[in-house]
Amino acid sequence: MEKLTFDRLGLSPEVLKAVAALGFEEASPIQGAAIPVLLAGQDVVGKSQTGSGKTAAFAIPAIEKTVAAEHAVQVLVLCPTRELATQVAEQTHKLAAFKRGIHALPVYGGASFERQAHELKRGAQMVIGTPGRIMDHMNRGTLKLDRVKLVVLDEADRMLDMGFRDDIRTILDAVPAERQTAFFSATVSPAIRGLINRYARDPVTLDIEQKEVSAPAIEQWFYEVHPRAKFDALLRLIDFHSFRSGVIFCNTQRMVDELADDLQAQGVPSDRLHGGIAQAQRTRVMNKFKKAGFEFLVATDVAARGIDVNDLELVVNYDLPYDPEDYVHRIGRTGRAGKSGMAVTLVGGRDLRKIQFLERFARTKIRRGTLPTAGEIGEKRTDALLARVRSVLAEGSWRPHSNTVDRLLEEGVDSTELAAALLQILAGPVADEPKSASPAPKPQAQPKAPTAAPSAQRKAAPGKLWITVGLGRSELGSPRDLVDLLVEGAGIPARDVGVIDLGESASLVEVPAAFAQGLSPSGNQMETSRGMITVTPLSDRRKKPKKHKPPHGR
Ligand code: AMP
């Protein structure tokens, strides 16, 4: 399906500004189909689900048709429930925010009749309400419909199910015959067809029947989470699977900005791409993402179309796409070329139905997943830690340290205790306290490091780990320079960079544990204005700077 940007729909600058403020980048299929037809004055029948963007599909043309100077009801939207009427009114307010003098009023039962009557008298031009209360206002003379130009029936099938058929007919009989009528309904039953035949004139049926597409055969999971728990769920999945990079899709620019900020605040290296970012900057972000291989990119579909990476280990649908084709494009970027990849969709509440819709139109199976618990995340970390220990044992690269260990054993330290203490230093606090746990158990107090041991100087602060950066005193003016490079090249917020220890040709830096754990043991390249710089987790002894002075504070 061809994508339309809102500026191609012939909208006023005020509405375009509102759409941009909401962060919508492209019209959803129902919007692209309905807006031009409604603007042209034709009646429509739109088959549409919640979550398809149908509200803006009728609210935008309704706003454009409303004459601010005329203080009479010009648009009437009928909704089955008070909740829907409130939602539609809220979205209409946002879309009309830059149009002066347009008032949209929700009108439903259970709220003060007098207040609504007062507001109607003040000259609301758009009325959004439930049929019963609208009838009450009509009967008591507080709502006049003789200037109505457009009537919208939102979720017409539900209104009929709820027994509003007679009310709807009474209302439609009361509005001027030459008005425009729009029916939005998930299904078009014979009863709806009857209403359409009677009340619509030559309606255009919006055929947004989705084209079937074939999703690639990759692992696809969905997790049912409350919208407010999505962030926590995302962190858990990243943690549990030790993902180091991937693309996380959101539907609006605003959501991209919020999520990228939240990830950075958690020390998860991330960057963002959306249509509101200048092209030069987008290219820079893209190149950095491709080269680094250790960060997450939060993106909208529009911005991501320019991404020419397709062997991602993770793609996340943080918001569900409107169009199965977008879903297929998004997930098609994982696990190509024989590599394994995972596509994850986070859905909540009413959007759950859209999973079946996607399965049908993308001809695929999306399996339901269960989020890992804090305990499972901890276990997984322990397994990873032990695997690292085993590989060091197998390689024999522990030998240079055997004298140090002997010293401790001679002091009478128990070997199990010694090994456990070393693991504690290695694992850091995050190993037994997943950062994503919610409700968050209290962090356990970390045992104080023994001050006399030489390794104490190396123990990173809670939540942090040491990494080495391939730049030393000769290239860097001050520790501050290194902070700036980490902010620029890895997206680590400056406040999250801990102690810095400048060496001759390389330096040690304390960074958020999540970042350090995301690095490949052999190091990663970080792109900065000073060129590519190697960053390596400290546990890889071969990359350790040869010499370093005691840590400088910042
Ligand atoms: P609806 O189907 O009208 O209930 O809309 C579902 C959600 O999608 C609402 O939260 C809207 O704010 C959002 N939305 C609607 N149109 C767009 C769009 N073109 N781009 C991004 N988000 C949208």
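In listed order, ligands and their atoms are each counted from 1.
The heavy atom nearest to atom 5 (O) of ligand 1, out of those in Gly32, Gly53, Gly23, is found in Gly53. Among Leu84, Asp301, Thr55, Leu4, the residue whose heavy atom lies closest to atom 3 (O) of ligand 1 is Thr55.
Interface atoms of ligand 1 facing Phe6, defined by a heavy-atom separation under 4.0 Å, are 19 (N). Per-residue contacts place Ser52 under 4.0 angstrom from the following atoms of ligand 1 (heavy atoms of the residue considered): 2 (O). Of all the atoms in ligand 1, the ones that sit under 4.0 Å from a non-hydrogen atom of Glu26 are 18 (C), 19 (N), 20 (N).
A donor-acceptor pair is defined here as one N or O able to donate and one able to accept, closer than 3.5 Å; such a pair exists between the side chain of Asp157 and the backbone of Ala186. Under a 3.5 Å cut-off, the side chain of Glu119 and the backbone N or O of Leu105 do not form any donor-acceptor pair. At distances below 3.5 Å, not a single donor-acceptor pair connects side-chain atoms of Ser48 with backbone N or O atoms of Lys54.
Note: Phe24 and Phe6 have tilted aromatic rings, judged against thresholds of 30 and 60 degrees for the angle between ring planes.
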* After noting the C-alpha distance and the side-chain angles of Ile492 and Val487, does the key distance pass the side chain to side chain contact (heavy atoms under 4.5 Å, CB included) rule? -> CA-CA 5 Å; Ile492 300 177; Val487 172; 5.8 Å; no

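Looking only at atom types and distance, the side chain of His137 has a donor-acceptor partner in the side chain of Thr142 under 3.5 Å away.
Inclusion of Thr252 in the set of residues having an N or O under 3.5 Å from an N or O of ligand 1 is not warranted. Distances between N or O atoms of Asn251 and those of ligand 1 include no value under 3.5 Å. Residue-to-ligand polar distances keep Phe24 apart from ligand 1: every N/O pair is separated by 3.5 Å or more. Geometrically, ligand 1 and Glu25 share no nitrogen or oxygen pair separated by less than 3.5 Å.
In summary, the aromatic rings of Tyr318 and Phe249 are positioned with their centroids too far apart to meet the 6.0 Å limit. No close placement of the Phe243 and Phe296 rings is indicated, their centers lying 6.0 Å or farther apart.
In Gln31, the part holding a heavy atom less than 4.0 Å from any atom of ligand 1 is the side chain. Neither the backbone nor the side chain of Phe58 comes within 4.0 Å of ligand 1, counting heavy atoms alone.
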